[in-house]
Amino acid sequence: MGAQVITITSGKGGVGKTTAVANLAVALAADGARVVCIDGDIGLRNLDVVMGLENRIVYDVVDAIEGRCRLRQAMIRDKRLPELYLIPAAQTRDKSAVTPSDMIRLCNELRTEVDWVLIDSPAGIERGFKNSIAAADRVLVLTNPEVSAVRDADRVIGILEAEEKGTPSLIINRLNPVMVKQHDMLSAEDVLDLLAIKLIGIVPEDEGVIVGTNRGNPVALEPKSRAGQAFRNIAKRMKGEDVPFMNLEAGTGLWARLTGRK
C-alpha cells in the first residue's frame, strides 16, 4: 500500500500549523515510519526553519515540479531521523508556480517511496490552499480555541466538504486550562460543539514549543514535554491506534464524551 497523504490546514494564519506538521512528522518518523513533509506555502517558506534544515536547501518543490532536479534531490534528509525528509517551498516564486495537478503528480511519485506525506498548507483559502488539499487522502484542520480561528476553521471545513475531501479531523492547539477555567478562552468542548467534527488531538499551551521552534528542534523529540506527548499521541491516532486523550480540562464533561463515559 502506498503512502497516506495528509494535509494540515487551518484557514487562519498563525495558529501553529507549521509547528504541528514538523512535530507530527518527527513523531511518525521516530516511531519507524518513512515520512516526507512538503511545505505548501510557496513564497513564504517556514517549515525548513522549524525543522532546523534551513541551511541545507539546494532545490525546492518548484525545482522538482519544473524538472530542474529529480524529486530525490529536492528531499532534504533530517539530521536526527534518517527516514524523515523535507521538500521545501520556493521563496522566490509565487503560488501560481504550482497547480493542483502538479501536487497530485508529485505526491503520487512519493507514494511508492514513503509511508506518510504531510503537507503544510498556507493560510487562507486561495490557490496555495487548493494546491495543498489536491492530493490529500485526509485533512486535519488545526485551530486555536479562539473565536476568529474557529470561525475560519468552520469555513475551511465547509470548503473541504464541498470539494468532496470528506469530513476532516480536528486538532485544537495551544489550549490553556487556566484561561479556560477563568472563561478567558474557549474550552475544547466549546470548539467541538461549534465545529462538529471528530477530534484527533488537543495540544496544550507550552513555552517549550516556542523554544523548540526557534532552535529547529520539534518538541515531539522531548520525552518530558506535554505538548510533545500530545503530538506523539496524535501521530498514533493517525495510524489508527486507540490512544486515550490527555485530561487537560479536569472538571468538564468533555473527557466523558471522548471516552464514552457518562
**Report entry** Residue pair E222 / N217, side-chain donor-acceptor N/O under 3.5 Å
**Finding:** yes
Query raised in the report: For G124 and F129, which heavy atoms make the closest approach, and how far apart are they?
Result: O-CB, 3.5 Å
**Report entry** E163 with K130: basic N within carboxylate O range, under 4.0 Å
**Finding:** no
Requested in this report: Please determine, by modelled atom types, if R232 and Q229 share a side-chain donor-acceptor pair under 3.5 angstrom.
Outcome: yes
Requested in this report: Please indicate whether R68 has more than 12 foreign heavy atoms, meaning atoms of other residues, nucleotides or ligands, lying under 6.0 Å from its CZ.
Outcome: yes
Requested in this report: State plainly whether the residues K239 and D31 are in salt-bridge range, i.e. N to O under 4.0 Å.
Outcome: yes
**Report entry** Pair L170-I157, side chain to side chain contact (heavy atoms under 4.5 Å, CB included): steps then yes or no
**Finding:** CA-CA 10 Å; L170 177 67; I157 291 163; 5.7 Å; no
Query - Worked check of side chain to side chain contact (heavy atoms under 4.5 Å, CB included) between L24 and I6 - result: CA-CA 11 Å; L24 292 173; I6 310 288; over 6 Å; no
Requested in this report: Consider only side-chain N and O atoms of N108 and R105, and report whether a donor and an acceptor are under 3.5 Å apart.
Outcome: no
Report summary line: Residues R93 and E66: closest non-hydrogen pair is NH2-OE2, 2.8 Å
Requested in this report: Give the C-alpha distance, both sets of side-chain angles, the deciding distance and a yes or no for side chain to side chain contact (heavy atoms under 4.5 Å, CB included) between D190 and V150.
Outcome: CA-CA 10 Å; D190 293 333; V150 172; over 6 Å; no
Report task. Please determine if R111 and D137 form a salt bridge, counting it only when a charged side-chain N lies under 4.0 Å from a carboxylate O. Result -> yes
Query raised in the report: Distance only, no hydrogens: is a donor on one side chain within 3.5 Å (strictly under) of an acceptor on the other, for T7 and T9?
Result: no
Query raised in the report: Just checking, R70 and Y59: is the charged tip under 6.0 Å from the six-membered ring centre and within 45° of the axis?
Result: no
Query - Enclosure of R155 CZ (heavy-atom neighbours >12, cutoff 6.0 Å) - result: no
Query raised in the report: Does E207 CD have over 12 foreign heavy atoms under 6.0 Å away?
Result: no
